[in-house]
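Keep in mind that what you see is a predicted model, and the values were worked out from it rather than measured. In what follows, chains are A, B, ... by sequence order, proteins preceding strands, each numbered from 1.
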Number of protein chains: 2
Amino acid sequence: MKDVASAAGVALKTVSRVVNGEPGVHPATADRVRAAIDRLGYSRNESARVLRRGRTATIGLVIEDVADPFYAGLSRAVESVAAAHGCLLLSGSSSEDPERERELVLTFCARRVDGLIVVPAGEDHSYLRPELDAGTPAVFVDRPPGPGIDVDTVLADNAGGAALATRHLVAHGHSRIAFLGDEPSIFTAARRLHGFRTALGHLYDERLVCMRSPALDTVRAALDRMLALDRPPTAVFTGNGRLTVTALRALAGRRGPAVVGFDDFELSDLLGVTVVAQDPARMGRVAAELLFRRLSGDTGPAEHPVLPVGLVPRGSGELPP
Amino acid sequence: MKDVASAAGVALKTVSRVVNGEPGVHPATADRVRAAIDRLGYSRNESARVLRRGRTATIGLVIEDVADPFYAGLSRAVESVAAAHGCLLLSGSSSEDPERERELVLTFCARRVDGLIVVPAGEDHSYLRPELDAGTPAVFVDRPPGPGIDVDTVLADNAGGAALATRHLVAHGHSRIAFLGDEPSIFTAARRLHGFRTALGHLYDERLVCMRSPALDTVRAALDRMLALDRPPTAVFTGNGRLTVTALRALAGRRGPAVVGFDDFELSDLLGVTVVAQDPARMGRVAAELLFRRLSGDTGPAEHPVLPVGLVPRGSGELPP
DNA sequence: CTGAAAGCGCTAACAC
DNA sequence: GTGTTAGCGCTTTCAG
């Protein structure tokens, strides 16, 4: 900036004014400055600007895994909202590792992101306390923060969605329904199991429940075990997109039970799989908009919108037992 | 840092030494400093550090769309390599818009990212010249830069893969093969068409070619038109993952032509679709590793690795005409 | 082993 | 309209 100033024969501050589009610069002077900028290939050093102004125009996004279509859709929506506010996105995947989550969040904070959007992997977020007190707003998405952290959250109606799918299967004549969910320590998995169990009432049978990460081997083993029972399940409700896909693979080629899944997935329509669909893009959008409201000064109490989920019948959930 | 220094009764520089793990601080002093840091909830201001040191420990990634599984997988791989080098990732989607690509790249540069990984949308990258000259390394992925920009590239064997698929269909008795590709202005689309055309030789018939973005309507219309010809195609080769999925939807329910696609996709195995698969994660990894080699001082001539693609027979491409 | 001083490139606050 | 000055929080350099 100093070089540009001397090249244009003006003071440094005038260059600053031109670069920032501030008013009060004579058009001719401004043109001279712009010419010098082009000639020298100057571009403003954003780090210095941030240091001085305190705002980075960057938000941090921590998700579980960008390669998962659910989180990819969510990311895209967050990015769009951020772009509309002239903000960039610093993002990272926690791989469901609480330590990595913490590291990413704290690194983002050290870089002075203006705000955070977090899909938490861990259960303890006391490490965020100083940052929140320092005024960095955070929105938790898909899963709530640990106890004692009172921030905005955007969650889906997990229990309600699971109950919806379960009642749908019962209405189609099923009374033996299996549930394949992710590790019960994961909030969404636990809530969906809860919804399933509540909706099923006395029909609930814990031998028809398996809560494990979605590896093909374990899913196949669980299904084999259940299908070999005296009264095998006539339907399977899978607790997330990954598990649905894995279960379909495990059941491929056999006239198996009816399958209904939580989360929609690519090609579910061609495969005719009935699902309870959430809208990851909407989740990301709502979270980002909430964050930007906080950034523009909204200091009201923490908000906790719950997004609806919808049943999409495609055939697999309407099969009779 | 000043506050921590006075709280610990040391000079600012000593705090700096402790924070950065520099040697030459008495253990007892260091402990006192660390105690003060915890008490005050201090965390280093990364912007100031960057301003002083010149390196941001951040790389910029511009892709077409994070919500596309291909780019999501690529992003994840880039992120892993970056994390292994202690680097964060600033990322953005260009939505196939050259102007947005330029804006993202230049914004990243203004933030002084250490390096860039770009899936270009545009054909003119002269705007990058000053940045490259200033020493910011860039790696182009999936598509090459416009003329006059001599940077590292990581491309797939697009023409070879297309030829492989085409010969596979010919070997299975097909002589009327259609090609559905993306806009011919997109590098990969053009190269794949070239491979298809070359492999087909005198069997090539331009009435069986349609180069358009993958919207369901246009794909359906193109297929309808081709299938109504005197000598309709007995096989369709689709030029990317999106087009494959769209074509499968358009053909759903009819005993249509054999379908082979470029790019693998989720559930291709269950649907039994033969594809020519690239490995997006590998592409991201190779690109990121190349970038970090540049960042650690490798100033050799630009490299241009070409990643192989592989035919995965799953049934759809092995159907007789 | 520890500290003082200079300055990274910019913007805010105030002159002129 | 334009210029001067101070200082954001840190690292670098050099001096004890």
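- The listed nucleotides are C:dG9, C:dT11, D:dT11; the one nearest the side chain of A:Leu12 is C:dT11.
- Counting any heavy atom pair closer than 4.0 Å across all strands shown, B:Val50 reaches no nucleic acid atom.
- Rounded to whole angstrom, the span from the NE2 atom of B:His26 across to the C1' atom of C:dG3 amounts to 17 Å.
- Interface remark: the B:Arg112 side chain does not form any donor-acceptor pair with the C:dG9 base, using a distance-only criterion of under 3.5 Å.
- Remark: C1' of D:dC8 and CZ of B:Arg52 are 14 Å apart, rounded to the nearest angstrom.
- Rounded to whole Å, atom P of C:dC10 lies 16 Å from atom CZ of A:Arg17.
- Mapped onto DNA chain D by nearest heavy atom, B:Ala48 and B:Lys13 fall at different nucleotides, with B:Ala48 at the one closer to the 5' end.
- For B:Ser16, a side-chain nitrogen or oxygen approaches OP1 or OP2 of D:dT11 to under 4.0 Å.
- Expressed to the nearest 0.5 Å, how far OG1 of A:Thr56 lies from CZ of A:Arg112 amounts to 10.0 Å.
- Between A:Asn20 and C:dT11 there is a side-chain polar atom (N or O) within less than 4.0 angstrom of OP1 or OP2.
- Ring pair B:Phe140/B:His125 is perpendicular by interplanar angle, where above 60° counts as perpendicular and below 30° as parallel.
- Here C:dC10 presents its P atom at 10 Å from CG of A:Asp3, a figure rounded to the nearest Å.
- No contact: A:Ser47 has no heavy atom under 4.0 Å from any strand.
- Side-chain atoms of B:Arg49 and base atoms of D:dG9 include no donor and acceptor less than 3.5 Å apart.
- Distances shorter than 4.0 Å separate none of the side-chain N or O atoms of A:Thr14 from OP1 or OP2 on D:dT2.
- Within 4.0 Å of A:Arg44, counting heavy atoms only, lie sugar-phosphate atoms of the nucleic acid but no base atom.
- Which of C:dG3, D:dT4, C:dT2 sits closest to the side chain of B:Val25 comes down to C:dT2.
- By the 4.0 Å N-to-carboxylate-O rule, B:Arg143 lies close enough to B:Glu96 to be salt-bridged with it.
- B:Glu46 has its CD atom 10 Å from the C1' atom of D:dC10, to the nearest Å.
- Taking atom CZ of B:Arg53 as the reference point, atom P of D:dC8 lies 22 Å away to the nearest angstrom.
- Atom CZ in A:Arg111 sits about 14 Å away from atom P in D:dC10, given to the nearest Å.
- Rounded to whole Å, the distance from CG on A:Leu51 to C1' on D:dT11 is 12 Å.
- Side-chain atoms of A:Asp65 never come within 3.5 Å of backbone atoms of A:Ser95 as a donor-acceptor pair (strictly under, hydrogens ignored).
- Although no hydrogens or angles enter the test, the distance criterion places a donor-acceptor pair under 3.5 Å between the side chain of A:Arg32 and the main chain of A:Ala8.
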